[in-house]
Amino acid sequence: MTAGRKPVTAGGKPVTTGRKPPGLCDATRGRILFGGDYNPEQWPEETWQEDVRLMSAAGVNSVTMGVFSWARLEPRPGERDFGWLDRLMDLMHDHGIGVVLATPTASPPPWLGRLHPETLPRDADGRTEWWGGRQHFSHSSAAYRRYAAAITEDLAARYGGHPALTMWHINNEYCTFDHGDEAAAAFRRWLRERYGTLDALNTAWGTAFWSQGYDTWEGILPPRHAHYLKNPTQVLDFRRFTSDMLLECYRAERDIVARHTPHIPVTTNFMPLWTGQDAWRWADEEDVVSVDLYPDPRDPLGAQHGALVHDLTRSQARGPWMLMEQAAGPVNWRGVNHPKPRGLNRQWSLQAVARGADAVCYFQWRQSRQGAEKFHSGMVSHAGAEGRTFQEVKQLGAELAGIGGEVTGRHMHADIAILHDWHSWWAGAHEGRLSTEVDLPDVLHAWHRALWEANLTTDFAHPEHDLSSYRLVVVPQLYLLTDTAIGNLLAYVRGGGTLVSGFLTGIADEDDRIRPGGMDARLRELFGIRTLHEWWPLDAGETVACEGFRGTLWSEEIEALPGVSETVPYRGGELDGLPAVLRNGRAWYVSTLPEPEALRGLLGRIAADAGVRPVLDGLPAGVEAVRRGELLFLFNHGREEAKISLMGTHRDLLTGTTVTGETVLGRHGVAVLKP
Ligand code: GAL
């Protein structure tokens with residue numbers, strides 16, 4: 001944060017109510033939480049009885065209720081209908097099932113929008129987001145916040161003492177943007193707090209460009225529809241503002257429930273790598289970090305996407321985390337929605353546990369017969385209890401119950417951190433960038449994949465975090481870096497750490513102003529770059545030859561400082577002979593995106609030099625190995641059977657058998673081995 005600039009909300013601060021925050025272990029008590037979103041208001045009460053019978057049979061010990069129940073709880077403004085929820089809370093308690101109780105504020109009843117049209121958000125083109133779907137609320141609307149606080153207050157007062165309550169779930173996947181008038185006024189207030197004076201704002205936004213100078217705060221708007229490219233810093237600040245406003249909504253509800261029940265943990269569910277929230281900052285405000293995860297069953301790298309999300313969420317939680325939602329079968333929001341083949345649901349669930357989850361939950365318990373998600377799977381599908389989906393869910397429930405005592409609360413150790421920052425992502429994604437082929441999530445996935453395939457366990461970290469416990473820090477791309485972050489990276493290398501950075505890093509400052517020389521001078525010196533002459537983005541599918549490999553997406557015309565330890569040159573083309581990769585002592589710079597095998601080889605070598613070893617050596621391709629505490633988890637993601645050699649004797653906690661020397665895993669196979 002630049003000197004003199006204040007964060008508008010108290011980012012990074014724990015709960016403001018003065019209580020000692022409870023954690024996931026307060027809810028799990030030695031068991032893995034297993035269950036899912038339960039929407040009983042969609043069903044007659046007879047079905048509730050069948051539900052609890054099937055839940056007990058499947059080992060379900062946790063349900064999330066009330067996520068979309070606002071209209072049922074408050075059918076008319078100010079009225080309350082809690083009777084049905086009273087009966088359900090009791091029913092769950094009678095069956096030993098804990099309730100993660102949601103505030104219903106993600107989907108306001110139609111009457112709210114009708115009585116208070118200002119609660120409805122507007123997109124950049126001025127179109128209103130009407131009721132009839134969900135998430136049609138403006139984070140800046142005073143009326144929305146008033147009604148949301150009132151229903152939250154009454155829920156907390158009524159159920160705070162209920163023995164079934166294990167956790168609070170605030171709202172759902174906060175993700176709305178609003179360009180309307182009330183949001184515009186809130187944006188101005190946010191900017192006044194950030195910049196203090198109009199001069200400071202005009203300087204930060206570079207408004208000398210295209211005659212954009214502001215003479216009054218009232219003239220400032222959210223980045224609404226415009227004739228041509230929008231001001232990048234205005235867009236960046238609007239993203240910061242949006243994340244902060246949604247966080248304010250979350251904190252308001254969290255503080256209400258925490259006042260009633262200081263001992264009950266609070267969460268809100270993230271969408272993984274969702275662009276709308278600075279999730280580092282949000283995670284610091286949660287007692288339990290939870291995430292919703294839906295890899296495509298047909299995606300050959302679906303397991304790696306899952307592993308990335310697990311690693312990121314565990315790092316945000318700094319310990320065990322909650323898989324709040326996944327699908328037992330198909331989703332219904334892709335172009336083509338595939339079911340999970342036999343064994344895949346089990347495998348991906350156990351993969352989350354291996355990577356630190358203490359809760360494995362689904363959207364949703366029973367597949368809906370009506371509404372927009374009637375083709376989305378549930379733990380109980382349309383086929384009912386006899387269906388394959390429920391049968392597999394039942395098996396998984398039994399297995400999770402079997403390993404829970406050995407796993408919950410155990411942390412994982414990683415020697416490698418991948419750095420990621422939302423502000424950098426927002427700034428780098430501006431419509432005026434050099435290449436629309438470069439998409440940060442793809443770049444993050446490429447670097448994570450190289451480490452995942454080499455079975456090198458990784459955490460994620462923010463560039464301003466303390467990195468001193470890591471032997472290797474990997475920066476896939478940090479286009480925007482604050483001075484504090486740059487100082488942190490320099491200190492990390494000075495302190496003996498190894499740093500490897502991908503292209504387009506250290507380009508812009510906190511205001512998205514390009515650093516002199518096109519890249520921060522301190523970083524250029526660190527990586528051994530004398531001059532960065534030009535960026536040479538590549539077309540879709542184009543590759544560039546480098547000595548020993550091919551690069552994709554990007555290349556750079558760089559002149560190295562004399563005396564850098566090592567370079568790998570570009571071969572042929574415009575950049576022939578110039579360095580594609582530079583090593584300057586313990587700092588590495590990679591100016592293109594090497595093809596997957598080459599990146600894996602390069603990172604494997606750098607990790608080995610830094611003293612980092614894979615979880616196991618000599619694993620067949622497609623086998624993932626993860627250690628959590630003393631347990632070794634093995635996953636076969638390949639289509640063929642895989643033979644894995646092991647040292648010593650282990651007990652497989654899933655089968656109860658003893659494993660010596662070698663274990664064989666079939667397609668989607670899993671072993672959980674205890675020495
Ligand atoms: C999530 C959401 C759920 C459900 C699910 C379907 O984003 O939180 O309510 O819509 O997606 O995949």
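In each ligand, atom 1 is the first atom listed, and ligand 1 is the first ligand listed.
- When Met324, Met271, Glu325 are ranked by how near their heavy atoms come to atom 2 (C) of ligand 1, first place goes to Glu325.
- One distance of note links CG of Leu91 with CD1 of Ile97; it measures 7.5 Å at 0.5 Å rounding.
- In terms of protein heavy-atom proximity, atom 6 (C) of ligand 1 is nearest to His376 NE2, 3.1 Å.
- If you look at Asp37 next to ligand 1, there are no close heavy atoms at all, none under 4.0 Å.
- Compare Arg134, Glu173, Glu373 by their heavy atoms: the one nearest to atom 9 (O) of ligand 1 is in Arg134.
- At least one side-chain heavy atom of Arg240 sits less than 4.5 Å from a side-chain heavy atom of Trp426.
- Per-residue contacts place Phe68 under 4.0 angstrom from the following atoms of ligand 1 (heavy atoms of the residue considered): 9 (O).
- Between His448 and Phe460, the ring-plane angle classifies as parallel under the 30° and 60° cut-offs.
- The distance between the ring centers of Trp280 and His420 does not fall below 6.0 angstrom.
- Those atoms of ligand 1 with a heavy atom of Asp292 less than 4.0 angstrom away are 8 (O).
- Within the 4.0 Å heavy-atom criterion, neither part of Gln364 lies near ligand 1.
- If you check the side chains of Gln364 and Asn39, you find a donor sitting under 3.5 Å from an acceptor.
- For ligand 1, the atoms lying closer than 4.0 Å to a non-hydrogen atom of Trp333 are 6 (C), 12 (O).
- Of the possible donor and acceptor atoms, none in the side chain of Asp442 sits under 3.5 Å from a partner among the backbone N and O of Val438.
- Residue contacts with ligand 1 for Asn172 involve side-chain atoms from C-beta outward but no N, CA, C or O (heavy atoms, distance under 4.0 Å).
- Atom CH2 of Trp43 sits about 9.5 Å away from atom OH of Tyr38, to the nearest 0.5 Å.
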